[in-house]
Amino acid sequence: MAKFVNPTKVITDPDTRWSYCNAWEAKAINGGTPKFSVSLIIPKSDTKTIAKVKAAIQAAYEEGTSKLKGSGKSVPSLKAIKTPLRDGDLERPDDEAYANSYFINAYSASAPGIVDADRQPIIDHSEVYSGVYGRASINFYAFNSNENKGIACGLNNLQKIRDGEPLGGKSRSEDDFDDEDDDDFLD
């Protein structure tokens, strides 16, 4: 039996970096409904993932034409509506983490599944933070809310592949208390 392939679903490559990672606790943005979210930073050199994302956005656009049309006479072109694939060099020029990268903000009303490189569930919340590298299972869909039309990105699951430099200026406790500074403690 052939496996169904969802044209709007993408699994990013392992070099995707997670930022603004709210994977354990839903947070409300601007007083809205609390959601789980992550900003996925995809290097521009990862042309395979970028191509998959663009194809999935196109598929979501084609699937959602009636929703995008709404009460209008025609469906707006894909270039005329909001899409989730954004250019880090243009939209976040002062943030080094987004240099030479695209990014996608993915959201979910329910908690994403989070596993490690061996596909074992991650229990320790400190293992998942803004700055880690991993794969993300995401899906794209059309929306039309109060004549605000576009393609959005849903967050399904996350797979941490490796640690990275923490983003947001917060250091990890493992790094703060490494063995090098023990001498000062005893003085």
Side-chain angles (χ1 to χ4, degrees), residues 6 8-12 15-44 49-50 52-54 56-57 59-61 63-64 67-68 70 76 78-115 121-160 163-172:
N6 180 345
T8 63
K9 182 178 177 181
V10 172
I11 308 292
T12 66
D15 287 331
T16 300
R17 195 166 189 198
W18 306 346
S19 182
Y20 299 98
C21 189
N22 296 309
W24 298 113
E25 196 175 309
K27 290 208 165 78
I29 300 170
N30 299 330
T33 305
K35 292 183 179 172
F36 297 89
S37 61
V38 64
S39 182
L40 302 169
I41 304 172
I42 305 166
K44 288 183 177 176
T49 296
I50 300 301
K52 289 191 293 187
V53 166
K54 287 180 177 179
I57 289 171
Y61 173 76
E63 267 185 23
K67 185 178 277 190
L68 292 168
L78 186 55
K79 287 184 178 17
I81 61 174
K82 292 181 181 178
T83 60
L85 183 64
R86 297 163 55 193
D87 190 324
D89 293 319
L90 298 176
E91 295 196 36
R92 302 258 170 97
D94 299 332
D95 192 335
E96 195 178 298
Y98 287 79
N100 298 314
S101 299
Y102 287 105
F103 69 97
I104 299 167
N105 296 324
Y107 302 92
S108 176
S110 58
I114 307 171
V115 296
I122 293 178
I123 312 292
D124 183 354
H125 289 203
S126 70
E127 286 292 312
V128 177
Y129 53 90
S130 295
V132 302
Y133 291 86
R135 298 165 64 194
S137 168
I138 52 179
N139 64 288
F140 298 90
Y141 58 93
F143 68 87
N144 183 346
S145 172
N146 302 322
E147 294 305 309
N148 184 12
K149 301 175 183 181
I151 306 297
C153 182
L155 174 62
N156 301 324
N157 297 298
L158 296 167
Q159 181 185 33
K160 177 183 174 183
D163 286 309
E165 186 71 29
L167 299 174
K170 187 174 190 310
S171 60
R172 296 185 333 139

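Below, all heavy atoms of this structure are taken into account, side chains as well, without hydrogens, waters or symmetry copies.
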Shortest non-hydrogen contact between [X] and [Y], atoms and distance:
X	Y	result
Pro112	Ala23	CD-O, 3.6 Å
Tyr129	Lys160	CE2-NZ, 4.5 Å
Leu167	Trp18	CD1-O, 3.9 Å
Ala56	Phe140	CB-CD1, 3.5 Å

Item checked: Pair Tyr20-Asn105, side chain to side chain contact (heavy atoms under 4.5 Å, CB included): steps then yes or no -> CA-CA 9 Å; Tyr20 299 98; Asn105 296 324; 5.8 Å; no
Next item on the list: In sequence, state the C-alpha distance, the side-chain angles, and the governing distance for Thr33 and Tyr107, and then conclude on side chain to side chain contact (heavy atoms under 4.5 Å, CB included).
Entry: CA-CA 11 Å; Thr33 305; Tyr107 302 92; over 6 Å; no
Roughly how far, to the nearest 0.5 Å, is the [atom2] atom of [Y] from the [atom1] atom of [X]?
X	Y	atom1	atom2	value
Thr16	Phe103	OG1	CZ	14.0 Å
Asp87	Ser101	CG	OG	9.0 Å
Thr12	Ile42	OG1	CD1	6.0 Å
Thr49	Arg135	OG1	CZ	9.5 Å
Tyr141	Ile57	OH	CD1	12.5 Å

Next item on the list: Go through Leu78 and Ile151 one step at a time and tell me if the side chain to side chain contact (heavy atoms under 4.5 Å, CB included) criterion holds.
Entry: CA-CA 9 Å; Leu78 186 55; Ile151 306 297; 4.2 Å; yes
Let me have the donor-acceptor pairs involving side chains of residues 93-100, under 3.5 Å, with sequence neighbours excluded, atom names and distances please.
unit_1 : atom_1 : unit_2 : atom_2 : d
Asp95  : OD1    : Ala97  : N      : 3.1
Tyr98  : OH     : Ser19  : OG     : 3.2
Tyr98  : OH     : Ser39  : OG     : 3.0
Tyr98  : OH     : Arg92  : NH1    : 3.0

Checklist line | Residues, nucleotides or ligands: over 12 heavy atoms within 6.0 Å of Lys82 NZ | finding: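 Counting other residues, nucleotides and ligands, NZ of Lys82 stays at 12 neighbours or fewer.
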Check: When you look at NZ of Lys35, are more than 12 heavy atoms from neighbouring residues, nucleotides or ligands closer to it than 6.0 Å?
Finding: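 No, because the 6.0 Å sphere around NZ of Lys35 holds 12 heavy atoms or fewer from other groups.
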Margin query: Can you confirm whether the side chains of Thr8 and Asn139 place a donor and an acceptor under 3.5 Å from each other?
Written below: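 Looking only at side-chain atoms, Asn139 and Thr8 do not form any donor-acceptor pair under 3.5 Å.
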Item checked: Any side-chain donor near an acceptor of the partner, Ser137 and Asn156, under 3.5 Å ->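 A donor-acceptor contact under 3.5 Å links the two side chains.
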Check: Should Ile114 and Glu127 be marked as a side chain to side chain contact (heavy atoms under 4.5 Å, CB included) after you check the CA-CA gap, both sets of side-chain angles, and the distance that decides it?
Finding: CA-CA 10 Å; Ile114 307 171; Glu127 286 292 312; over 6 Å; no
Notebook entry, point to check: Do Ser108 side-chain atoms and Gly154 backbone N/O form a donor-acceptor pair below 3.5 Å?
Noted result: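 Checking the backbone N and O of Gly154 against the side chain of Ser108, no donor-acceptor pair under 3.5 Å is found.
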Next item on the list: Report yes if the side chains of Asn22 and Phe36 come closer than 4.5 Å at any heavy-atom pair, otherwise no.
Entry: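 No. Closest side-chain heavy atoms not under 4.5 Å.
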Next item on the list: Would you mind telling me which of Thr83, Leu40, Val10 makes a side-chain contact (heavy atoms from CB on, under 4.5 Å) with Val53?
Entry: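 Going through Thr83, Leu40, Val10 one by one, the side-chain contact (heavy atoms from CB on, under 4.5 Å) with Val53 is satisfied by Val10 alone.
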Notebook entry, point to check: Should the pair Lys67 and Phe143 be classed as cation-pi, given the thresholds of under 6.0 Å to the six-membered ring centre and 45° from the axis?
Noted result: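 No, cation not above the ring by the 6.0 Å, 45° rule.
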